[in-house]
Amino acid sequence: DVKVTQSSRYLVKRTGEKVFLECVQDMDHENMFWYRQDPGLGLRLIYFSYDVKMKEKGDIPEGYSVSREKKERFSLILESASTNQTSMYLCASSLEVENSPLHFGNGTRLTVT
Amino acid sequence: GQNIDQPTEMTATEGAIVQINCTYQTSGFNGLFWYQQHAGEAPTFLSYNVLDGLEEKGRFSSFLSRSKGYSYLLLKELQMKDSASYLCAVKAAGNKLTFGGGTRVLVKP
């Protein structure tokens, strides 16, 4: 069974802090993704990565950056957290195959005060 | 850009059938996925369609018409545990998966 693990389930940070959200997958998947989920807006793609050290902007990359130094790990970085980044953050991974579904982690609920 | 529409909420009775529609307009098409998400949990994969027609998996079926930009998820013999949000997602160019807003289904006894 694929396991995608996000380092924190709940996180509370102050405005202006630098925040790291970590995600690890154990199935040697090539693709990794970061989404945020907000009521009424659904899941929105922030960044994704096809391979180590590769990254692509999603639909809402502003205010975020990512790092993929190892195949199994994909980190989301909020350089200077703001209150509008309060959200549920979901990491996912998939194989580099057309019909491969995303496997999601349990999510990190981030509150920025 | 991408546009994926699905109803916000639906209510149905235990044992009944519910059909959740999804319409999409995307640049490119490499398949459509349906996910189930219970409150407070991660989405889990239900089905994948890339060719026109119906895919059946037990109580759940998914249909696709590429020419109409339309899909539906059919849930039969509804059970209380089917109360959840159902997410339609389209894979456009490359591996980018874009989600609709989700449909919350409430199953009543």
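In what follows, every chain begins at residue 1, and chains take the letters A, B, ... in the order their sequences are listed.
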How about [atom1] on [X], more than 12 heavy atoms from neighbouring residues, nucleotides or ligands closer than 6.0 Å, or not?
{"X": "A:Arg9", "atom1": "CZ", "result": "yes"}
{"X": "A:Arg109", "atom1": "CZ", "result": "no"}
{"X": "A:Glu17", "atom1": "CD", "result": "yes"}
{"X": "B:Lys57", "atom1": "NZ", "result": "yes"}
{"X": "A:Arg73", "atom1": "CZ", "result": "no"}

Just verifying a value: how many Å separate [X] [atom1] and [Y] [atom2], rounded to the nearest 0.5 Å?
{"X": "B:Gln37", "Y": "A:Gln37", "atom1": "CD", "atom2": "CD", "value": "4.0 Å"}
{"X": "A:His103", "Y": "B:Thr44", "atom1": "NE2", "atom2": "OG1", "value": "10.5 Å"}
{"X": "B:Phe99", "Y": "A:Tyr35", "atom1": "CZ", "atom2": "OH", "value": "4.5 Å"}
{"X": "A:Asn99", "Y": "B:Phe45", "atom1": "CG", "atom2": "CZ", "value": "7.5 Å"}
{"X": "A:Leu102", "Y": "B:Phe33", "atom1": "CG", "atom2": "CZ", "value": "7.0 Å"}

Between A:Asp59 and B:Lys96, what is the shortest heavy-atom contact and its length? OD1-NZ, 2.8 Å
Looking only at heavy atoms, the pair that brings A:Gly105 and B:Ala42 closest together is O-CB, 3.0 Å
Do A:Leu41 and A:Leu78 share a hydrophobic cluster (ILVMFWY, side-chain heavy atoms under 4.5 Å, transitive)? no
Please say yes or no: joined through hydrophobic side-chain contacts below 4.5 Å, possibly via intermediate residues, are A:Leu95 and A:Met32 part of one cluster?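 Different clusters.
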Residue B:Ile4 versus chain A: region with a heavy atom under 4.5 Å: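 Neither part; nothing is under 4.5 Å.
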Flag side-chain contact, heavy atom, 4.5 Å: A:Ser94 against B:Leu97: no
A:Leu45 versus chain B, heavy atoms under 4.5 Å apart: side chain, backbone, both or neither?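 Just its side chain gets close to chain B.
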